[in-house]
Amino acid sequence: MNFFTEIGRFMIFMKYVLKRPQKWSVFWKITFREMHNIGIESLVVVALIAFFLGAVTTIQTANQLLTPSDLFPTQLIPKFVVGSVVSTSAILELAPTITCLVLAGKVGANIASEIGNKKISEQIDAYEVMGINSASFVALPKIIAGLIMIPSLIIAANFLLMTGGAVATKFTSALSFDDLIEGARMVFHPEYVEIMLIKSFIFSFIITSLSSYQGYYTEGGALEVGAAGTYAVTRICIFILFFDLVIAQIFLGL
Amino acid sequence: MIEVESVGITLGGRKILNNINATFQPGVPNLVIGASGSGKSVFLKCLVGLLTPQEGKIIYDDQDFLSLEYDQKQELRKQIGMLFQNNALFDSLTVEENVEFPLKMFSSMNREERKHRVNECLSKVNLVNSNNKFPSEISGGMKKRVGIARAIALPIKYLFCDEPNSGLDPLTSRVIDDLILQITKDLNITTVINSHDMKTVKDIGENIIFIYQGAKWWQGNKSDLDTARAQNIELDSFFKASF
Ligand SMILES: Nc1ncnc2c1ncn2[C@@H]1O[C@H](COP(=O)(O)OP(=O)(O)O)[C@@H](O)[C@H]1O
Ligand SMILES: [Mg+2]
């Protein structure tokens, strides 16, 4: 299938997904369960990754900016600049993008294989024959849950990134905690939060909708269910980075 | 009653069904028979709209099914029960929850009423004391029963069964056949059963349609079978192969 027919099929899929749920009570119950699966279950891995990433970014940025070189034998760059760079990277890129790439692997693969399994075992057909809009029934709760939980995870990741950075300052005399915070404060711009949230919502939607789509159109057996998971992750990563670029160019391109 | 008029479908560039005509009456078991790969499942999927035939008409008691909008189709499908070849039970739900599911979605019953209806359906298919088991924990015959109970939980008018005996031992097969027959009569619903089980055909075949390579090759009832076999070599060899 070529790229454009697949885009068309995705659009048709979304047309069915974005319909009013047939029974609100059932819909909310499933959505809450999905919020748990997507959000709470991912909290630990996201937190660990954010913490380490924050620490590593701080150490490496400090190393690059504060090491005297032949060209600049004396310390020209104020220390707080490290804090500015780290905090800006965290809010604009590390928290939304890296978190979502991790979630592509965790949440995306999971959704694709769960729905793919329902497809090949004819559970999707069973919904449909009962008079249930199967596309909406399986995908909409995941999409809504993702839109609520993934941005929340990203906000949490932001704090943990800075916590990682703060802890890293404890192991060096080159940079203090106060430098880090001062630098972060100096460059903070509310627009950055907006960009982070825009990325969060777009990436969440990509993760849950693409993986649902990939699962929903699985044909074959157990092997294909596995393949659906892999495909979903690859595609999600590519689309996330593509939209990352588009958003960066739109909001931050000079 | 379901009327099928000149239905034909092409899948993946291959003509799978060609000019099928049939009328299915309520209260009697209608059988669609044929060798594996002859197009029985595709036919059943066309009837319920999981596949859309390019040619022909399917009329459900005066409603032209193929010309309905998606939402109207969904409305009609609330009156349809289906038994899938590999059961298609919801694997994350227990037996009880599987049967309760259509009630939760489409009835205004409260919790108590739903529980009552679930147990009523489960006892109708003689499945008691398994309410809290998961589909993976029960036998093939029990899964069929759950499938039937789920299909009849809501007041249905049409029942479709795709090879209800596949994978079952002969004894259990008879039990499931009898169950389907009894439900068809009791509820006076229009039932279409795909089968390649000869015993089923001889026992309960009132209106039998024999599909051969995607075309209707013969139609009749169980008492015509022997004469038909003498005249119809494809039907005869199908029967011989199935024993
Ligand atoms: N979705 C599909 N796409 C293409 N070919 C199909 C599809 N579904 C079934 N077929 C083909 O149609 C033929 C009839 O299949 P089926 O109805 O499943 O046979 P059976 O009578 O055993 O139920 C088979 O040759 C099968 O390969
Ligand atoms: Mg079949």
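Every chain is numbered from 1 and lettered A, B, ... according to where its sequence line falls, protein lines coming before strand lines.
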**Report entry** Flag if over 12 foreign heavy atoms under 6.0 Å of NZ, A:K19
**Finding:** yes

Query raised in the report: For B:F101, is it the side chain, the backbone, both, or neither that has a heavy atom closer than 4.5 Å to a heavy atom of chain A?
Result: side chain

**Report entry** Pair A:F137 + A:F27: ring centers closer than 6.0 Å
**Finding:** no

Report task. Tell me, for B:D91 versus chain A, whether the close heavy atoms (under 4.5 Å) come from the side chain, the backbone, both or neither. Result -> both

Requested in this report: Considering only heavy atoms and a distance below 4.5 Å, find which of A:Q22, A:K118, A:M130 pairs most often with chain B.
Outcome: A:M130

Query raised in the report: Which answer fits A:I124, side chain, backbone, both or neither, if we ask what part of it has an atom under 4.5 Å from a heavy atom of chain B?
Result: neither

Requested in this report: With B:R150 as the cation and B:F90 as the aromatic partner, state whether NZ or CZ is under 6.0 Å from the six-membered ring centre and within 45° of the axis.
Outcome: yes

Query - Proximity breakdown for A:V26 and chain B, heavy-atom pairs closer than 4.5 Å - result: side chain

Query raised in the report: So what's closer than 4.5 Å to chain B heavy atoms on A:N133: side chain, backbone, both or neither?
Result: both

Query raised in the report: Checking B:L89 against chain A: side chain, backbone, both or neither under 4.5 Å from a heavy atom?
Result: backbone

Query raised in the report: Distance under 6.0 Å and angle within 45° of the ring axis: does A:R235 meet both against A:Y231?
Result: yes

Query raised in the report: Any idea how A:Y217 and A:F13 line up, ring-wise: parallel (<30°), tilted (30 to 60°), or perpendicular (>60°)?
Result: perpendicular

